[in-house]
Amino acid sequence: MEPITINNLTFAYPGQEPLFNHCDLNISSDWKLGLLGRNGRGKTTLLKILQKQLSFQGSIQTNLKFNYYPLAIRKSDDYTLDVLMRSGYQGEQWQIERELNLMSTPPKLLWQRFSSLSGGEQTRVMLATLFAQDGYFPLLDEPTNHLDQDGRKQIAQYLKAKKTGFIITSHDRNFLDQVINHSLVIEQHQLVLTHGNYSDYFVHKEQRDSAAIKKNENLLKDIHHLKQTRQAKSQWAQQAENEKKNNSHADKGFIGAKAAKMMKKATIMKGRLDTAIDEQKGLLKEIEKVVPLTINVLPTNHQPLLSINDLTLSYPTKQLCSNITTTIEKHDQILLCGNNGTGKSSIIDAIIGTFSGKQSGEILFSSTLKISTVRQDYSDNHGSLRSFASSSRINYDQFLNLLRKLGLERTTFNVPIEEMSMGQQKKVELARSLADPAHLYLWDEPLNYLDTYNQQQLIQLIQEKRPPMLIVEHDQNFINQIATKKIEI
């Protein structure tokens, strides 16, 4: 067991509010620690700080050497084993094969080109590489992205069986409950370290939030009462002044002195009340809220919107899906389900005309049908939010409003997209699609990198608006709540 001792950690990106401000932490290397929190709160930043990739104030003391998921991949068209070796792996091939076997994953993947592997297969070989290296402490940043349900179960069993510790970020609550025994949560104004899994933390958080909400209600009542009192005191002085102006037969000197006295008293009282109101406001606690989203669905009389008949997709060395037939009607939310590598994303590519393999069958829709997408790979999103909105032909104010509702801080609005965290970049991609006027929405793994609050926002939006959608997603809770039809690939 090796400790990680963090003292007085302070860090902020240039021009932004501090992510960490004089933080102290003691972490043990035998913990399976879930690093949790909303997007943009600093989870990935903390992992970078542990690896000494960012300058910070304070100190971190540990004898541990860290490795990190995802690996830095270069020349992905080479064989997977060669790609992994170039990523910094210093062990033996048999060690990676051992870890793959523990994941119930065929080692033959090492002799396929890395670029030909599905997202889930790439995740498995990278995780195997990390845990194959002796003497390193793994930092796992969102490994559940791109994993199908079977893959998540297998990786959960694999991590649960590990004798060594690690730090992991993920927004899959069920997955975390299976693998972690400690939680470190970056909340709005504090770091909360608890023993137990995500559900244990969430129970404690709901209790704290419930107490905070009750306290806020009482404070707001007090503030309202203080404001009423302040208003009454101000009115006394005004009444005296009005009496002086309107009573032509009264003693002006007496009334004037009375008004001045009451005005002075009211001014003093107002100052005291202002101070009391400010003090009460300072005690109000911020509670995470799920804010309703909007979507720009265009009306249409086309029925069905889209038809797929006997669609078969393949690459020269790999068969994907075959004989897929379905229609998308006006209020359908169709979920494409299945294991990694079966061609779910390729179906979306085929619809929008970007599939590069062999294709047969029919995809029929009107030439006037407007389609909006959320892509798995949005690395080409770059530049300022204003220029991005302009090039995407979406309303800039509506775009920013959606980003705020998704939890993107206003201080981030001036940050180039390519410099944002992965979670923030995902919100940009999602907000673009929500703001984009469309008849049909094609979303490929929309929940990747999104926290549980954002996930609930999407569920509420889809349940309320029922926009026509074709979605690839592996999160079972999301699927169960929004799917009108499931297609198993």
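Note that the numbering runs from 1 along the sequence shown for the chain.
For the pair E142/H171, a side-chain contact is recorded, criterion being any heavy-atom separation below 4.5 Å from C-beta on. Residues F478 and Q455 have side chains not in contact (no heavy-atom distance under 4.5 Å, counting atoms from C-beta outward). Residues L64 and I4 meet the side-chain proximity criterion, which asks for heavy atoms closer than 4.5 Å. Between L47 and T169, some side-chain heavy-atom pair lies under the 4.5 Å cut-off. A heavy-atom distance below 4.5 Å is not found between the side chains of V291 and Y453.
Residues passing the salt bridge (Lys or Arg N to Asp or Glu O under 4.0 Å) test with R404, sequence neighbours excluded: none. Taking K162 as the reference, E99 meet the salt bridge (Lys or Arg N to Asp or Glu O under 4.0 Å) condition, with sequence neighbours excluded.
A donor-acceptor pair under 3.5 Å is formed between the side chain of H439 and the backbone N or O of K370. Between the side chain of E473 and the main chain of D475, a donor-acceptor pair closer than 3.5 Å is present. Without hydrogens or angle criteria, K465 side chain to T294 main chain gives no donor-acceptor distance under 3.5 Å. Remark: side-chain polar atoms of N296 are paired, donor with acceptor, to backbone N or O of A435 under 3.5 angstrom. Of the possible polar contacts, none joining the R152 side chain to the H474 backbone as a donor-acceptor pair under 3.5 Å is found. With hydrogens and angles ignored, the 3.5 Å screen pairs a side-chain donor or acceptor of K43 with a backbone N or O of G37. In terms of modelled atom types and a separation under 3.5 Å, the side chain of T80 and the main chain of L109 share a donor-acceptor contact. A donor-acceptor contact shorter than 3.5 Å is absent between the side chain of Q57 and the backbone of N8. Formation of a donor-acceptor pair under 3.5 Å by the K344 side chain with backbone atoms of N339 is found in this model. With S391 contributing its side chain and S387 its backbone, the two residues share a donor-acceptor pair below 3.5 Å.
Side chains of N197 and S199: a donor-acceptor N/O pair is absent below 3.5 angstrom, by distance only. No donor-acceptor contact under 3.5 angstrom links the side chains of Q154 and D150, judged on distance only. In summary, the side chains of Y158 and S104 do not present any donor paired with an acceptor at a separation below 3.5 Å, with no hydrogens or angles considered. In the model, N401 has no side-chain atom that pairs as donor or acceptor with a side-chain atom of Q398 under 3.5 Å. No donor-acceptor contact under 3.5 angstrom links the side chains of E464 and Q460, judged on distance only.
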From CA spacing to verdict: side-chain contact (heavy atoms from CB on, under 4.5 Å), V125, F114
CA-CA 9 Å; V125 297; F114 186 84; 3.9 Å; yes
Let's go through D30 and S28 carefully: what are the C-alpha distance in whole Å and the side-chain angles of both, what is the deciding distance for side chain to side chain donor-acceptor pair (under 3.5 Å) to 0.1 Å, and is it a yes or a no?
CA-CA 5 Å; D30 61 352; S28 174; 2.4 Å; yes
Going through the distances and angles, do F56 and L46 end up as a side-chain contact (heavy atoms from CB on, under 4.5 Å)?
CA-CA 10 Å; F56 60 92; L46 183 57; over 6 Å; no
D172 vs S170, side chain to side chain donor-acceptor pair (under 3.5 Å): CA-CA, chis, key distance, verdict:
CA-CA 6 Å; D172 187 322; S170 173; 5.7 Å; no
Passes side chain to side chain donor-acceptor pair (under 3.5 Å), T123 versus Y69? Steps please.
CA-CA 9 Å; T123 294; Y69 172 93; 3.0 Å; yes
Go through the steps for Y441 and D436 under the test side-chain contact (heavy atoms from CB on, under 4.5 Å), then give the verdict.
CA-CA 10 Å; Y441 295 82; D436 189 15; 5.7 Å; no
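The two residues T484 and I334 make their nearest non-hydrogen contact at OG1-N, 4.4 Å. Taking every heavy atom of both residues into account, I155 and L147 meet most closely at CG1-CD1, 3.8 Å. Scanning all heavy atoms of the two residues, the minimum distance from M126 to L71 falls at SD-N, 3.5 Å. The two residues L458 and L447 have their closest heavy-atom pair at CD1-CD2, 3.9 Å. Contact between K32 and G165 at its shortest, heavy atoms only, is CG-CA, 4.4 Å. The shortest non-hydrogen separation linking Q481 to I459 is OE1-CG2, 3.6 Å.
Between F131 and F166, the two ring planes are perpendicular [angle over 60°; tilted spans 30° to 60°].
The CD atom of Q93 sits 6.0 Å away from the CG atom of L110 when rounded to the nearest 0.5 Å. Expressed to the nearest 0.5 Å, how far CZ of R173 lies from CG of D451 amounts to 13.5 Å. Rounding to the nearest 0.5 Å gives a distance of 12.5 Å between CG of L81 and CD of Q112. Residue L54 holds its CG atom at 10.5 Å from CG of L50, rounded to the nearest 0.5 Å. Once rounded to the nearest 0.5 Å, the distance linking OH of Y13 with OG1 of T412 reads 11.0 Å. Interatomic distance, Q61 CD to I6 CD1, rounded to the nearest 0.5 Å: 10.5 Å.
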Table please: side-chain donor-acceptor pairs of residues 418-431 below 3.5 Å, with sequence neighbours left out.
residue : atom : partner : partner atom : Å
E418    : OE1  : G383    : N            : 2.8
S421    : OG   : Q424    : N            : 3.1
S421    : OG   : Q424    : OE1          : 3.3
Q424    : OE1  : S421    : N            : 2.9
Q425    : NE2  : M420    : O            : 3.0
K426    : NZ   : E445    : O            : 2.9
K426    : NZ   : P446    : O            : 3.2
K426    : NZ   : N448    : O            : 3.2
K427    : NZ   : L406    : O            : 2.8
E429    : OE1  : R375    : NH2          : 3.1
E429    : OE1  : N381    : ND2          : 2.9
E429    : OE2  : R375    : N            : 3.0
E429    : OE2  : R375    : NE           : 3.1
E429    : OE2  : R432    : NH2          : 2.9

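Surrounding NZ of K153 are at most 12 heavy atoms belonging to other residues, nucleotides or ligands under 6.0 Å away. Y396 OH: more than 12 foreign heavy atoms inside a 6.0 Å radius. Residue K48 qualifies as open at atom NZ: its count of foreign heavy atoms under 6.0 Å is 12 or below. Counting heavy atoms of neighbouring residues, nucleotides and ligands inside a 6.0 Å radius, atom CD of Q53 exceeds 12 of them.
A salt bridge links R86 and D78; the closest N-O separation between the charged side-chain nitrogens and carboxylate oxygens is under 4.0 Å.
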